Amino acid sequence: MDMNEFIDFCRKGNSIPADDQELYGLLVQCSFEAQRITMELNTSYHSKEEIVELFSELTGSTVDPSFMCFPPFYTDFGKNITIGKNVFFNTGCSFQDRGGIQIGSGSQIGMNVTIATLNHGLPLETRNTTYSSPVVIGKNAWIGSSAMILPGVTIGDNSVVAAGAVVTKDVPANTVVAGVPAKFVKAI
């Protein structure tokens, strides 16, 4: 399997058993490339245009020039992030994106937000196997500082996730959620 086939394999949500040396080796290569790019992003000043260029390299697809990120930014894979137009990432975001992270146009991601798309098997026999579930953030969503979005969650269009919330379930469009775990607060 070449790297493009592997990235497609991951985008389809396939699990990776730790004992599959071929898949694990490709995963490590992808992770090291993401580390190289994010280290470049995070360790010196870059113009807005250079940041867009680095994110395009990181994700393997063209990122719209309207995108803005205040580094540092961290990810362990990079190739399974989709970013709409007029999206903003504040400083300190950490994405575990192998399972897929889709961010709709006009969305704002606050400081120190964590988005996870992977889980491990619970039984000891599968504890080292990673299972992916995508996270989808709709258009014009606002994810507050230090929120954590867990695997498989969809945040609806125009919704707000309060600072510090841990989102374990889907958030309907046009709502505010808060707390640990996040619960409905009000409709917008």
Side-chain angles (χ1 to χ4, degrees), residues 10-15 34 38 41-42 48 51-52 54-56 58-59 61 63-122 127 129-188:
C10 292
R11 287 181 177 155
K12 290 179 179 172
N14 292 299
S15 62
T38 56
L41 174 70
N42 296 337
K48 182 178 182 302
I51 290 172
V52 168
L54 285 166
F55 265 86
S56 294
L58 178 66
T59 62
S61 59
V63 173
D64 191 82
S66 62
F67 171 71
M68 185 178 295
C69 174
F70 293 165
F73 173 82
Y74 306 97
T75 189
D76 65 342
F77 190 72
K79 299 297 185 222
N80 210 357
I81 302 170
T82 304
I83 302 168
K85 295 179 180 181
N86 298 307
V87 170
F88 172 67
F89 296 172
N90 211 331
T91 187
C93 291
S94 294
F95 289 8
Q96 182 191 55
D97 70 285
R98 186 169 59 82
I101 297 173
Q102 181 179 339
I103 301 169
S105 294
S107 290
Q108 302 176 73
I109 311 297
M111 294 175 72
N112 302 312
V113 167
T114 298
I115 301 176
T117 66
L118 299 178
N119 218 331
H120 292 270
L122 191 56
R127 184 91 30 104
T129 298
T130 52
Y131 299 93
S132 62
S133 298
V135 168
V136 177
I137 298 173
K139 294 177 182 175
N140 303 309
W142 174 19
I143 312 299
S145 294
S146 298
M148 181 176 290
I149 313 297
L150 296 185
V153 167
T154 295
I155 309 290
D157 291 349
N158 310 311
S159 289
V160 176
V161 174
V166 177
V167 184
T168 61
K169 296 179 181 172
D170 289 353
V171 175
N174 303 303
T175 61
V176 177
V177 297
V180 179
K183 294 189 185 322
F184 174 84
V185 173
K186 66 180 177 178
I188 299 174

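As the structure is a prediction and not an experimental result, all values here were calculated from the model. The basis for the numbers below is simple: all heavy atoms, side chains too, and nothing from hydrogens, waters or symmetry mates.
Side-chain atoms of Val160 and Val177, non-hydrogen and from C-beta on, never get closer than 4.5 Å to each other. For the pair Ser145/Asn90, no side-chain contact is recorded, criterion being any heavy-atom separation below 4.5 Å from C-beta on. At least one side-chain heavy atom of Ile155 sits less than 4.5 Å from a side-chain heavy atom of Ile149.
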Starting from the C-alpha separation in whole Å, work towards a yes-or-no answer on side chain to side chain donor-acceptor pair (under 3.5 Å) for Arg98 and Thr130.
CA-CA 10 Å; Arg98 186 169 59 82; Thr130 52; 2.2 Å; yes
Walk me through whether Thr154 and Val171 qualify under side chain to side chain contact (heavy atoms under 4.5 Å, CB included).
CA-CA 6 Å; Thr154 295; Val171 175; over 6 Å; no
Thr82 and Ile103: CA distance, side-chain angles, deciding distance, side chain to side chain contact (heavy atoms under 4.5 Å, CB included) verdict
CA-CA 6 Å; Thr82 304; Ile103 301 169; over 6 Å; no
I'd like to know whether Ile188 forms a side chain to side chain contact (heavy atoms under 4.5 Å, CB included) with Thr175, so could you lay out the CA-CA distance, the side-chain angles of the two residues, the decisive distance to 0.1 Å, and finally the verdict.
CA-CA 5 Å; Ile188 299 174; Thr175 61; 5.8 Å; no
Phe95 vs Tyr74, ring pair (Phe, Tyr, Trp, His ring centres under 6.0 Å): CA-CA, chis, key distance, verdict:
CA-CA 6 Å; Phe95 289 8; Tyr74 306 97; over 10 Å; no
Applying side chain to side chain contact (heavy atoms under 4.5 Å, CB included), run through Val166 and Leu150 and close with a yes or a no.
CA-CA 7 Å; Val166 177; Leu150 296 185; 4.1 Å; yes
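Formation of a donor-acceptor pair under 3.5 Å by the Ser159 side chain with backbone atoms of Pro172 is found in this model. Judged purely by atom type and a 3.5 angstrom limit, Thr59 uses its side chain to pair as donor or acceptor with the backbone of Phe55. Gln96 places a side-chain N or O within donor-acceptor distance of the main-chain N or O of Thr117, the cut-off being under 3.5 Å. Proximity of a side-chain donor or acceptor of Asn14 to a complementary backbone N or O of Cys10 within less than 3.5 Å is not detected. A donor-acceptor distance shorter than 3.5 angstrom exists from the side chain of Ser66 to the backbone of Asn86, with no hydrogens or angles considered.
Annotation: the span from Leu54 atom CG to Cys69 atom SG amounts to 10.0 Å, rounded to 0.5 Å. Atom CD1 of Ile115 sits about 10.0 Å away from atom OG of Ser94, to the nearest 0.5 Å. Here the CD1-CD1 distance, from Ile101 to Ile109, works out to 9.0 Å after rounding to the nearest 0.5 Å. Note: Asn112 CG to Met148 CE = 10.5 Å, rounded to the nearest 0.5 Å. Between the OG atom in Ser132 and the CG atom in Leu118 there is a gap of 6.5 Å [rounded to 0.5 Å].
Nearest approach of Ser105 to Val87, heavy atoms of both residues: CA-CG2, 4.2 Å. Nearest heavy-atom pair across Lys48 and Met68 is CE-CE, 3.7 Å. Nearest heavy-atom pair, Ala141 versus Ile137, reported as atom, atom and distance to 0.1 Å: CB-CG2, 3.6 Å. Residues Ser56 and Val63 approach most closely at OG-N, 2.9 Å, considering heavy atoms. Residues Gly138 and Ser107 approach most closely at O-OG, 2.7 Å, considering heavy atoms. Residues Cys93 and Gly110 share a closest heavy-atom pair of SG-O, 3.3 Å.
Ring centroids of Phe88 and Phe70 are separated by less than 6.0 Å, placing the two rings close together. Ring to ring, Phe73 and Phe89 are close: their centroids are under 6.0 angstrom apart.
Qualifying side chain to side chain donor-acceptor pair (under 3.5 Å) partners for Thr75, counting only residues two or more places apart in sequence or in other chains: Asp97.
Taking a 6.0 Å sphere around NZ of Lys85, one finds it holds 12 or fewer heavy atoms contributed by other residues, nucleotides or ligands.
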